[in-house]
Amino acid sequence: MIELEGVPELIDPVMVAAFEGWNDAGDAASTAVAHLEREWKGEVFAALDAEDYYDFQVNRPTVWLDGGVRRITWPTTRLSVVRVGGEKPRDLVLVRGIEPSMRWRSFCNELLGFAHELGVEMVVILGALLGDTPHTRPVPVSGVTSDPDLARRMELEETRYEGPTGIVGILQEACTHAGVPAVSLWAAVPHYVSQPPNPKATLALLNRLEDLIDLRIPLGELAEDARAWQLGVDQLASEDSEVAEYVQTLEEARDTAELPEASGEAIAREFERYLRRRDGGPAGGPATGHATESGDASYLRDPSGGRTRPPKPPARGTDDRAGEGAGRDRDERDDRDGARGDDRREAGADGDRDGSPGTGTGAAGADTGTGVDTGTDTGTGRGPESGADGGAESGPGDGAGDGRREDPGE
């Protein structure tokens with residue numbers, strides 16, 4: 001371990017950690033911490049000894065040229081510190097590395113030693129897992145902790161997970177046993193499009209982290225990257241009707257499960273977040289490049305439970321003009337009924353003609369509410385096991401190395 005040198009006394013520090021590997025589907029978690037380092041210009045002050053924790057046949061070092069001189073970068077875990085300015089400054093200790101190959105308990109004890117020396121008040125560990133979630137909906141993010149008091153105080157879930165775990169779960173338990181408050185934030189990545197990067201999942205983790213630690217995080221171009229990612233997957237999905245049908249099934253299941261979330265309390269939380277962003281945040285001060293709740297990024301943060309999608313073309317030629325046509329036909333029918341009350345047969349025929357556009361109006365409403373026309377707007381382009389052979393729910397496709405579909409409660 002490298003000794004601390006030149007690290008000033010920190011202000012209300014929070015440690016934010018993420019690790020590449022099993023607990024990092026789509027590289028969403030490690031990319032989130034890398035984003036914080038880049039936006040806030042984090043300075044690395046320590047690194048763990050790679051010899052102690054990594055198998056270099058699994059995580060190989062890389063060689064690069066520095067002005068004609070060959071240098072080697074060893075896989076390890078590094079710590080950096082950033083100070084977030086504003087009316088109420090606060091420091092973050094960022095931990096970014098690779099899930100260790102061995103000696104996990106020693107690994108966690110070393111990180112806790114840094115936390116103790118720096119006076120860290122809370123540890124937040126970011127993770128991402130593969131799940132049965134559609135890419136067209138906001139990314140679900142779960143906040144879990146092993147501390148019942150912390151769960152009640154911060155409105156988190158108390159973990160009940162049992163089963164295989166990764167370094168995220170081990171570090172959280174180590175923090176709990178050491179008396180350090182710890183929270184894990186888990187983003188669910190669609191298992192049928194698990195290849196990194198996944199900027200939409202990264203954005204969801206940062207949004208949740210922002211709420212948790214009460215800091216405004218500059219997002220830079222991340223919101224636009226997330227939008228481009230979704231549009232790219234939509235385009236690929238439109239080429240495969242079976243994949244589109246599978247995604248529609250996931251959408252319907254998600255919407256049904258989340259219908260109770262469209263409550264006054266959920267809408268109030270989103271409105272408070274909007275006000276905090278607009279006013280510059282209570283602690284973080286103004287931050288450039290931050291996405292708002294309107295415009296192109298609006299589909300990413302939906303207070304109604306995530307059912308809104310970007311505008312899409314109408315399905316099978318049915319659009320709002322059907323409703324307008326129905327209204328005009330009804331007006332004309334009323335005029336004819338008044339002027340030709342003695343011609344019952346013609347009035348009845350007009351009424352029959354009016355019925356078809358009226359039915360079309362209902363279809364248009366259903367399409368915009370439930371996303372029926374997923375063939376043009378949803379899906380993935382990664383050839384999942386889902387559409388053709390019905391095996392989508394049995395495994396993560398070709399992204400198994402990026403994350404595991406385990407319960408986020410670890």
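Note that this is a predicted model, so its numbers are computed, not measured. All values below come from the heavy atoms of this structure, side chains included, with hydrogens, waters and symmetry mates left out.
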Backbone N/O of Arg83 and side chain of Arg90: donor-acceptor pair under 3.5 Å: no
Sidechain-backbone polar pair: Asp91 side chain, Val81 backbone, donor-acceptor under 3.5 Å: no
First locate atom [atom1] of [X], then atom [atom2] of [Y], and finally report the distance between them rounded to the nearest 0.5 Å.
X: Lys88; Y: Leu215; atom1: NZ; atom2: CG; value: 9.0 Å
X: Leu65; Y: Arg71; atom1: CG; atom2: CZ; value: 10.0 Å
X: His177; Y: Cys108; atom1: NE2; atom2: SG; value: 11.0 Å

Can you tell if the side chain of [X] reaches within under 4.5 Å of the side chain of [Y], non-hydrogen atoms only?
X: Val141; Y: Asn207; result: no
X: Phe114; Y: Leu79; result: yes
X: Leu48; Y: Leu111; result: yes
X: Val93; Y: Leu10; result: yes
X: Val14; Y: Val120; result: no
X: Leu209; Y: Leu185; result: yes

Criterion side-chain contact (heavy atoms from CB on, under 4.5 Å) on Cys175 and Leu112, from CA distance to verdict: CA-CA 7 Å; Cys175 291; Leu112 285 172; 3.7 Å; yes
Check: Phe56 ring centroid to Trp74 ring centroid under 6.0 Å: yes
Electrostatic pair Glu162-Arg160, nearest N-O below 4.0 angstrom: no
